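A short write-up of the structure that comes next.
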Amino acid sequence: EKHAERVLISSAIELTNTHTLEDMEKRLKDTFHEGQKLYPFQYVGVRFAELAGGRCLIGDDMGIGKTIQAIAYASLHRELWPVLIVCPSSVKYNWAKEIHAWLKDVSVEVVNGFKGEIAKADFTVVNYDLMAKREEQLTDIGFNLCVLDESHYLKNKTAKRTIACLNIGQNTKSVLCLS
């Protein structure tokens, strides 16, 4: 049934099941800052991820709000925290800003450099270029949800960052790829 619903909504622009939509809105209201609300098509992406058991690719157009969909999915599934966000270095601080803008009472750690302690946080944001150098430390934290933003960065299966991301992804309960 979940598979059939996932196929059905994969090209939808809004959720037609009002019960599901109302349930998601209620759950998100408890964790989102006042005034923050998803667009109808973003609810579709979040529901798609839920139906896929948190292991999927969200391949929306640029500027549609894949970041917010991933944040919303994480917000709905706090049992999967802590969350690792892997992204290009140019958007690391944007991720941190968006997490704080949307979610109440969360801690965010942005990883910089090849050395030093990585503080425990609800969300840890790291860029692809640091993955191989920081893999052991990141693995030790024990993430349950990994978001791979611009996941096409992992196209070379022999690249160290790809191997590090795959290793961490295999040990998490949920992996959201965004591209």
Side-chain angles (χ1 to χ4, degrees), residues 2 5-6 8-10 12-88 91-111 118-128 138 141-151 165 168-179:
K2 284 183 178 181
E5 185 182 350
R6 193 174 80 215
L8 182 65
I9 71 167
S10 65
I13 57 171
E14 64 182 76
L15 292 179
T16 56
N17 183 329
T18 55
H19 174 70
T20 300
L21 179 60
E22 288 170 359
D23 177 61
M24 289 175 74
E25 287 174 333
K26 181 181 179 263
R27 290 165 47 210
L28 287 170
K29 186 177 181 182
D30 294 337
T31 59
F32 277 7
H33 284 294
E34 181 88 24
Q36 298 289 39
K37 188 174 179 182
L38 298 179
Y39 289 112
F41 58 86
Q42 291 172 322
Y43 283 104
V44 173
V46 175
R47 182 65 181 152
F48 182 84
E50 286 189 315
L51 292 169
R55 296 183 85 78
C56 68
L57 167 68
I58 298 176
D60 289 344
D61 288 335
M62 196 167 68
I64 293 294
K66 295 180 293 290
T67 299
I68 306 311
Q69 291 175 55
I71 292 170
Y73 178 82
S75 175
L76 290 172
H77 296 280
R78 287 188 178 233
E79 74 277 7
L80 296 175
W81 290 17
V83 179
L84 176 64
I85 310 289
V86 186
C87 61
V91 295
K92 269 195 315 195
Y93 290 100
N94 186 63
W95 267 97
K97 182 183 86 134
E98 292 294 340
I99 292 165
H100 283 299
W102 284 81
L103 300 181
K104 300 175 189 173
D105 304 320
V106 295
S107 58
V108 179
E109 172 73 9
V110 178
V111 179
I118 299 175
K120 292 195 184 241
D122 299 322
F123 289 81
T124 301
V125 184
V126 63
N127 55 295
Y128 283 106
L138 293 167
I141 292 172
F143 295 101
N144 293 309
L145 169 57
C146 180
V147 177
L148 301 170
D149 188 19
E150 304 294 345
S151 60
C165 287
I168 288 177
Q170 288 174 346
N171 293 313
T172 62
K173 294 176 184 169
S174 183
V175 178
L176 297 182
C177 295
L178 311 177
S179 187

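All values reported here derive from a predicted model rather than from experimental measurement.
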Drop me the distance from [X]'s [atom1] to [Y]'s [atom2], to the nearest 0.5 angstrom.
X	Y	atom1	atom2	result
Ile118	Ile141	CD1	CD1	5.0 Å
Ile64	Gln69	CD1	CD	8.5 Å
Ile71	Leu28	CD1	CG	11.5 Å
Leu138	Asn171	CG	CG	12.0 Å
Arg47	Leu21	CZ	CG	11.0 Å
Leu178	Cys56	CG	SG	8.5 Å

Who passes ring-ring contact (aromatic ring centres under 6.0 Å, His included) against [X], sequence neighbours left out?
X	answer
Tyr73	His77
Tyr128	Tyr153
Tyr93	none
Phe48	none

Which atom names give the shortest non-hydrogen contact between [X] and [Y], and what distance separates them?
X	Y	value
Gly169	Val175	O-CG2, 3.6 Å
Ala70	Leu176	CA-CD1, 4.1 Å
Ser107	Ala121	OG-CA, 3.4 Å
Ile58	Gly45	CD1-O, 3.9 Å

* Asked: Tell me, do Glu150 and Val91 make a side-chain contact under 4.5 Å, heavy atoms counted?
  -> no
* Asked: Just wondering, do Val125 and Cys87 contact through their side chains at under 4.5 Å, heavy atoms?
  -> yes
* Kindly indicate, with the supporting measurements, whether the criterion side chain to side chain contact (heavy atoms under 4.5 Å, CB included) is fulfilled by Leu15 and Met24. => CA-CA 11 Å; Leu15 292 179; Met24 289 175 74; 3.9 Å; yes
For [X], what residues pass the salt bridge (Lys or Arg N to Asp or Glu O under 4.0 Å) criterion, not counting sequence neighbours?
X	value
Lys120	none
Arg55	none
Asp23	Arg27
Glu25	Lys37

* Inter- and intrachain pairs under salt bridge (Lys or Arg N to Asp or Glu O under 4.0 Å), touching residues 168-179, at least two apart -> none
* Could you name each residue pair satisfying salt bridge (Lys or Arg N to Asp or Glu O under 4.0 Å) that touches residues 56-74, not counting sequence neighbours? => none
Examine distances only and state if a side-chain atom of [X] and a backbone atom of [Y] form a donor-acceptor pair shorter than 3.5 Å.
X	Y	answer
Gln42	Tyr39	yes
Thr172	Leu145	no
Ser151	Cys177	no

* **Listed partners of Thr67 passing side-chain hydrogen bond (donor to acceptor under 3.5 Å, both in side chains), at least two apart** => none
* To do: Dump the intermediate steps for side chain to side chain contact (heavy atoms under 4.5 Å, CB included) on Thr20 and Tyr43, then the final yes or no.
  => CA-CA 10 Å; Thr20 300; Tyr43 283 104; over 6 Å; no
Which side-chain N or O atoms in residues 94-106 pair as donor and acceptor under 3.5 Å with protein atoms at least two apart or in another chain?
unit_1: Trp95; atom_1: NE1; unit_2: Asp149; atom_2: OD2; d: 2.9
unit_1: Glu98; atom_1: OE1; unit_2: Trp102; atom_2: NE1; d: 3.2

